[in-house]
Amino acid sequence: MRQDQNSLSMQEPSALVQEYLNKVSIEEPLPADQVVSISQQVKQLLIEKNAVIVAHYYTDPLIQALAEETGGVVADSLEMARFGSKHSADTLIVAGVKFMGETAKILTPNKTVLMPTLEATCSLDVGCPADEFTAFCDQHPDRTVVVYANTSAKVKARADWVVTSSIAVDVVDHLDALGEKIIWAPDKYLGAYVEQQTGADMLMWNGSCIVHEEFKAKGITDLKEVHKDCAILVHPESPQSVVEIADVVGSTSQLIAAAKTLPQQRLIVATDQGIFYKMQQAVPDKELLIAPTGGSGATCRSCANCPWMGMNSLQNLLQCLQQGSGEITVDAEVAKLATTALDRMMNFKLAN
Ligand code: SF4
């Protein structure tokens, strides 16, 4: 992995991320009767407003269940984007983090896109400010700019390609075969994995996911010592030492697919534990174990739970339907530029 230290963010990404973490507020769990009452109100409003829930795997299982029951979707960010762009609803309720809402709005500008909270962001997004990233790219005009979906609309507008973790290796492999050198942003761990898989010439931004960064190889191998018959499933936003001990490395959708095909009955899963709702549905007879975030040096800021995904709740989901709050808007010029890079992502997936 190569990094141009002189060109990286002026402010340390961790300091920027901490600013946003200070604003996180998670609502208390609801009593069962309120869950039923709010769910019923949400179902009624979805019909009245011709709206549909587009939820990420990492959101509260109560939201995932509601999305499923009402004809919405629970998916990774690529499938969320595809579902929203094809659905006939007038309003998309995007339960996830802000870049997902922005992507939905860019791809479906004629729909209303609402989010339960606009405060839910992502350490990768906030650790890659658009102005600093643009300056970084301008210093390397010979490189093709590939950014992860976990970025702001403005960063996507500066990119040539947007990718998700499910297609990152394939896209970079494709560009490498064309002889293109790459700027990769913002996740340094996913970038290192893609570089190792493709052998492409990649210049990295110095970002990371605060959730996946906490997984520890030592803790996982200790757990595997106890359960010798298990398989280890790892999301590639995890550190290289964790990726190296994985039986399967993949995006959320790819990990759920692997859970079904792996012969092992016990799986250690290194990604946000919100995925367990859909993964357990896929493999009801298998035992799923959360990969430890402990081990030497752990700060356990996240413990396999994204604090921003956790800001989505039934209460604020209902509120955004009732009040039309949390509306996503994207500047028209930014959206136009970002559409080019996003369309490449959508079309690449379809063509491959
Ligand atoms: S889990 Fe990590 S990559 Fe996903 S939204 Fe949270 S901080 Fe961002």
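Worth saying up front: this structure is predicted, and the values here are computed from it rather than measured. Computation of the quantities below employed the complete heavy-atom set of this structure, encompassing side-chain atoms and omitting hydrogens, waters and symmetry-equivalent molecules. Ligands are counted one by one from 1 in listed order, and the atoms in each one are counted from 1 as well.
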Are more than 12 heavy atoms from other residues, nucleotides or ligands located less than 6.0 Å from atom NZ of K111? yes

In terms of side-chain geometry, is the basic nitrogen of D201 or R143 positioned less than 4.0 Å from the acidic oxygen of its partner? yes

Distance-only donor-acceptor check, side chains D90 and N50, under 3.5 Å: yes

Minimum-distance protein heavy atom relative to atom 4 (Fe) of ligand 1: Y58 CE1, 3.9 Å

W205 and ring-ring contact (aromatic ring centres under 6.0 Å, His included): which single residue from F133, W184, Y148 fits? F133

Establish, yes or no, whether a centroid distance under 6.0 Å links the rings of Y189 and H212. no

Taking the side chain as everything from C-beta on, heavy atoms only, tell me whether V242 gets closer than 4.5 Å to I220. yes

Leaving waters out, which protein N, O or S atoms fall under 2.8 Å from atom 8 (Fe) of ligand 1? C122 SG

